[in-house]
There are 4 protein chains.
Amino acid sequence: MTVPTTERGARTRAALVAAGRTVFERDGFTDSRIADITREAGCATGSFYTWFASKSELLSVVLYEAQRDVVVPRLDATAADPFVTLTEGHRRYFENYQRNARLMLVLEEVAAVDPAFRELRRRRGEALARRTATTIEKMQGDGLADPALDPYATARALDGMVSHLAYYAFVLGDTFDIDALVETTDRIWRNALSPRHQT
Amino acid sequence: MTVPTTERGARTRAALVAAGRTVFERDGFTDSRIADITREAGCATGSFYTWFASKSELLSVVLYEAQRDVVVPRLDATAADPFVTLTEGHRRYFENYQRNARLMLVLEEVAAVDPAFRELRRRRGEALARRTATTIEKMQGDGLADPALDPYATARALDGMVSHLAYYAFVLGDTFDIDALVETTDRIWRNALSPRHQT
Amino acid sequence: MTVPTTERGARTRAALVAAGRTVFERDGFTDSRIADITREAGCATGSFYTWFASKSELLSVVLYEAQRDVVVPRLDATAADPFVTLTEGHRRYFENYQRNARLMLVLEEVAAVDPAFRELRRRRGEALARRTATTIEKMQGDGLADPALDPYATARALDGMVSHLAYYAFVLGDTFDIDALVETTDRIWRNALSPRHQT
Amino acid sequence: MTVPTTERGARTRAALVAAGRTVFERDGFTDSRIADITREAGCATGSFYTWFASKSELLSVVLYEAQRDVVVPRLDATAADPFVTLTEGHRRYFENYQRNARLMLVLEEVAAVDPAFRELRRRRGEALARRTATTIEKMQGDGLADPALDPYATARALDGMVSHLAYYAFVLGDTFDIDALVETTDRIWRNALSPRHQT
DNA sequence: AATGAATGAGTTTTCATTCAT
DNA sequence: AATGAATGAAAACTCATTCAT
């Protein structure tokens, strides 16, 4: 992961990152070749190693760049209705997932193959859930959420539900549209979290 | 996927399937070698091809055999409490997932790489969700489920939540135990499905 | 090249020879598999080696059987017109070649690969030419053939011309029909052999 | 069939072509190994595939280079004696065939195995015959050739005779020398083509 | 005799990475 | 920095032949 000094170097490196994304999306990680990437980038095979130590390293960079603009949905415990921001968040999440669907598949692939990527994913999931859990706790304190729920486990479950829906919809090609996804997600979050009167 | 005629053939084939599972679990799909499998099975490399056309084909068989004893959780719309069978179903599902965790990772891997496996997964998910959806509809008719929910989308979401939890817990190694998983899942399903008084 | 004792053995062996011809014609020698032949013959792989020591050996038998009904054209030095029998001989030769065209290609193949087959072919060609040469000599003695011709070399040349025409016509798929082939061959033999007045 | 950019690449590629010829001549096509060729060329196995996609492709190049200096015998319809150039042409043809005899055998081999090479051969034969046919026609017009002959078929037959003789002589190892071959060929062409007084 | 499975040496081909220029 | 060729260790797969039943 060498950092370019010259203008020319920066250009080559950028071309390789862009080409990497293109090729990874088209062929997946395992089935992509360094030679394909350099051809796509319009440079010589050898030049790849001027900037990256391996295919994995390039993938890391590609994924990192792609995830910079990912918005994670969040509850807003301070709002009158804590769910309003969530709805919008989910919509953005689904839209983003759709845009990056092929890349998500690649992520799935390397997560399955490489423990390091797996650990990364676990950490990300954990961090996200922890934040949601905190909000749930606060909502429980305010009587806005079912006190019987384990905040962290619930957060995990609800987060997972969303990413799973996105995977089925945009990677596996299930047909339902984003509006329907958002609506369902929204309602289930509300139902699941809201305090029950019966039970 | 040739079928053995003789006793001896059956033995060799079975040894290869068992060895396949062992090796796939240990090394993953991409990183496993036919030679490792035959060594594990105690036969010659060539014998592999007597029974299977490729590594993929062996994996199909291994996965098929592993999934034969998978129990899928189901709601029971006819019971007084439709959720009781579900709780037990989820427990069994998690236990099973834990037992087959490494194999599930392999499944994830090939689903990411091979469109055929992906399609298989989509179909399985769809079939499962369709069944759950039918039950939800019935429950809605009986006033036992929130009529505002789209039955199919909800089924998808809840199913997905469960498998996602299992993945994080047993593949990525999140720490919480099965009891906690079952409890959380159970409560979220109840909350999500039950008709709301407010709203 | 074991000889069958039992009725059953004879049947299997015959089936293998027939299957061999079919498969060799379809796939050529190098690209044919013992397994294909036994499948075609409806017997087990192992049974092949009960009757033949190798694929080459089977081919020898197949070729031998096919060449049993080959008629070689010959001049008749005792006839008023020595060429009349020749015309008919050439016709039969071409007809036969056409029937066995695929097999001739296989013969070409093994002759190119295997010195033993090459030697066989050389011998056959030599024997045939020698016979023709004898007739030419007699014709020269009777003033019916150009005395300037080297009988053996001429025989070789004319024989070769015929087989070459057959190869181009029926193996390579040149379009001209047998009548035309016979006519041309006939006329060239006559012209080539007949004594010249000028020269 | 990649084209080298650098001097070094050109050297390696040329070495492979030379080595290919050596090995093909020694072992034939089917019985030659890529590894033998690269060893002979003094480079690594992988380097073969930098320049050629397959063994077939290398053979094409080898044959193409070998055929560049092949001289085809031709009649000269404008000369007083149309056969004088032919005699010299045949001599050169035989000499050349003798020099390339092993390669001709390889050509025979691939023509027998590979339809693409067969088609190539057919085309070449056709083109050559067509040219000879044109000359024969002209000779017929000038009263120099037997008008009863079908020019194209005759051309085919006479050409075939020559190549067949060469094959028997230099590939199968028939003993007669080039002088004898030329003389016989020459005389037969003359006899065959010249207008007959009787008939 | 027939069967059908087992064997394993032998080859092609791929491709990440290195290297000389 | 870039280039483009060289490298050679894999790995999959084939198939004639052998062998136990």
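Each chain gets a letter, A, B and so on, in the order its sequence line appears, and its residues count up from 1. The basis for the numbers below is simple: all heavy atoms, side chains too, and nothing from hydrogens, waters or symmetry mates.
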- Item | Watson-Crick/G-U partner (both atom distances under 3.5 Å) of dA20(F) | dT3(E)
- Task: Go through M104(D) and L63(D) one step at a time and tell me if the side chain to side chain contact (heavy atoms under 4.5 Å, CB included) criterion holds.
- Result: CA-CA 9 Å; M104(D) 299 309 278; L63(D) 289 175; over 6 Å; no
- Item | Whole-Å distance separating the CZ atom of R39(B) from the P atom of dG8(E) | 13 Å
Show me the side-chain donor-acceptor pairs of residues 111-118 of chain D shorter than 3.5 Å, one per line, residues at least two apart or across chains.
from	atom 1	to	atom 2	distance (Å)
D114(D)	OD1	A116(D)	N	2.8
R118(D)	NH1	A111(D)	O	3.1
R118(D)	NH1	A112(D)	O	3.2

- Kindly point out which of dT3(E), dA6(F), dA6(E) is positioned nearest to the side chain of T12(D)? dA6(F)
- Note on the structure: Counting primed atoms, P, OP1 and OP2 as sugar-phosphate and everything else as base, the B/S/- map of nucleotides 15-21 of chain E against protein heavy atoms under 4.0 Å is SSBB---
- From CZ of R13(D) across to P of dG4(F) the rounded distance in Å is 17 Å
- Task: Test E108(A) against R121(A) for salt bridge (charged side-chain N to carboxylate O under 4.0 Å, His left out), laying out the working first.
- Result: CA-CA 10 Å; E108(A) 212 65 50; R121(A) 152 175 287 197; 2.9 Å; yes
- Are the side chains of C43(C) and L16(C) in touch, meaning some heavy atoms are under 4.5 Å apart? yes
- Message: Rounded to whole Å, how long is the line connecting atom CG of D31(B) with atom C1' of dA10(F)?
- Response: 13 Å
- Message: Without decimals, in angstroms, what is the distance between D27(C) CG and dT14(F) P?
- Response: 15 Å
- Query: To the nearest Å, how far apart are F52(C) CZ and dA2(E) P?
  - Reply: 11 Å
- Once you round it to whole Å, what is the distance between P of dA12(F) and CD of E57(B)? 15 Å
- Step-by-step side chain to side chain contact (heavy atoms under 4.5 Å, CB included) determination, T50(C) to T12(C): CA-CA 10 Å; T50(C) 306; T12(C) 304; over 6 Å; no
- Answer yes or no: is there a donor N or O on one side and an acceptor on the other, between the side chain of E109(B) and the main chain of T30(B), under 3.5 Å? yes
- Between dA11(F) (C1') and F29(B) (CZ): distance, integer Å: 13 Å
- Task: Using a 4.0 Å heavy-atom cut-off across all strands, classify T5(A) as base, sugar-phosphate, or nothing.
- Result: sugar-phosphate
- Query: What do the steps show when you test R124(A) against E119(A) for salt bridge (charged side-chain N to carboxylate O under 4.0 Å, His left out), and what is the final call?
  - Reply: CA-CA 9 Å; R124(A) 246 188 99 82; E119(A) 180 56 17; over 6 Å; no
- Message: Could you tell me the Watson-Crick or G-U partner of dG8(E), where both distances fall under 3.5 Å? Say none if there is no partner.
- Response: dC15(F)
- Counting heavy atoms from C-beta on, name the nucleotide in dA2(F), dT7(E), dA5(E) closest to the side chain of W51(A). dA2(F)
